[in-house]
Amino acid sequence: MKSKFSSVAAIVFLTPALAFAGPKNSTNLELDQAIKVADTQLAPGQYKVIWQGSGPDITVSFTEGKKTLATVPAKLVASTNSQKAIETDIAPDTTTVLRAIDLKHSTIQFDNATPATGN
């Protein structure tokens, strides 16, 4: 009877651990300049990028410490990236806009349809 109890106990204790062993849906990001993500201007600094979903449609949050600064829709697409990098564009109002975050084997693409100013 002891061996049966031990097996059941092991399954009960391992099940929660397996729930945390899923795919990693976060990365750290260091910005050396101010960058706009959707309607939010992120200052230079360290951020944690966390996404919900497995793709292609995901929701991405940018956090600093325990504070979420921006949550935006994005696309997660497979790629042949070997290094982490960011892709940016310059908007008509001269702000730097985040277009994509390249991760190893995937890219997070943002739709930054920010209205242009001064037209």
Side-chain angles (χ1 to χ4, degrees):
M1 188 61 123
K2 270 189 176 178
S3 63
K4 187 176 181 181
F5 177 75
S6 298
S7 298
V8 172
I11 291 171
V12 170
F13 290 116
L14 287 177
T15 302
L18 294 175
F20 293 107
K24 181 179 174 189
N25 288 349
S26 67
T27 188
N28 293 318
L29 179 68
E30 182 174 351
L31 299 177
D32 59 358
Q33 64 179 352
I35 291 183
K36 193 168 188 177
V37 179
D39 293 331
T40 303
Q41 186 79 19
L42 298 176
Q46 294 276 345
Y47 297 92
K48 184 162 191 162
V49 180
I50 305 165
W51 59 95
Q52 301 293 319
S54 57
D57 296 316
I58 59 173
T59 302
V60 180
S61 297
F62 292 81
T63 62
E64 187 175 42
K66 293 184 179 184
K67 185 177 179 184
T68 299
L69 303 175
T71 300
V72 297
K75 299 260 187 228
L76 182 66
V77 296
S79 67
T80 58
N81 298 328
S82 61
Q83 294 184 3
K84 190 163 92 171
I86 63 170
E87 299 175 31
T88 61
D89 278 337
I90 303 297
D93 65 357
T94 70
T95 58
T96 302
V97 178
L98 183 62
R99 299 297 295 161
I101 300 173
D102 296 326
L103 306 168
K104 191 172 184 177
H105 307 298
S106 62
T107 297
I108 299 172
Q109 297 174 337
F110 299 94
D111 180 21
N112 287 300
T114 306
T117 59
N119 284 348

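All figures in this text were calculated on a predicted structure; none of them were measured in a lab.
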Step by step, would you call Leu69 with Lys67 a side-chain contact (heavy atoms from CB on, under 4.5 Å)? CA-CA 6 Å; Leu69 303 175; Lys67 185 177 179 184; 3.9 Å; yes
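- The environment of NZ in Lys104 is sparse: at most 12 heavy-atom neighbours from other residues, nucleotides or ligands sit within 6.0 Å.
- Pairing each heavy atom of Ala74 with each of Ile108, the nearest pair is CB-CG2, 3.8 Å.
- Side-chain polar atoms of Thr107 and Ser79 form a donor-acceptor pair below 3.5 angstrom.
- Between Lys36 and Gln41, the shortest heavy-atom contact is CB-OE1, 3.6 Å.
- In Gln52, the CD atom is not crowded: 12 or fewer heavy atoms of neighbouring residues, nucleotides or ligands sit closer than 6.0 Å.
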Go through the steps to decide whether Asp102 and Glu87 satisfy the test side-chain contact (heavy atoms from CB on, under 4.5 Å), and finish with yes or no. CA-CA 8 Å; Asp102 296 326; Glu87 299 175 31; 2.9 Å; yes
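- Panel note: side chain Thr63, backbone Lys48; a donor-acceptor pair is recorded below 3.5 Å.
- Considering CD1 of Ile101 and CG of Asn81, their distance stands at 11.5 Å, rounded to 0.5 Å.
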Evaluate the side-chain contact (heavy atoms from CB on, under 4.5 Å) criterion for residues Ile90 and Thr96: first the C-alpha distance (whole Å), next the side-chain angles of each, then the deciding distance (0.1 Å), finally the verdict. CA-CA 5 Å; Ile90 303 297; Thr96 302; 3.6 Å; yes
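- Hydrophobic clustering places Val72 together with Leu103 (ILVMFWY residues linked when any side-chain heavy atoms are closer than 4.5 Å, directly or through intermediates).
- Of the residues listed (Val97, Ile86, Leu29), the one engaging Ile35 in a side chain to side chain contact (heavy atoms under 4.5 Å, CB included) is Ile86, and it is the only one.
- Val37 and Ile50 fall into different hydrophobic clusters, where Ile, Leu, Val, Met, Phe, Trp and Tyr residues are linked whenever their side-chain heavy atoms come under 4.5 Å apart, directly or through other members.
- Minimum interatomic distance between Trp51 and Leu76 (heavy atoms only, all atoms of both residues): NE1-CD2, 4.0 Å.
- Looking only at side-chain heavy atoms (C-beta outward), Thr40 and Phe62 stay at 4.5 Å or farther from each other.
- For the pair Pro44/Asp32, no side-chain contact is recorded, criterion being any heavy-atom separation below 4.5 Å from C-beta on.
- Salt bridge status for Lys75 with Asp57: present, with a side-chain N to carboxylate O gap under 4.0 Å.
- How far CD1 of Ile58 is from CZ of Phe110: 7.0 Å, rounded to the nearest 0.5 Å.
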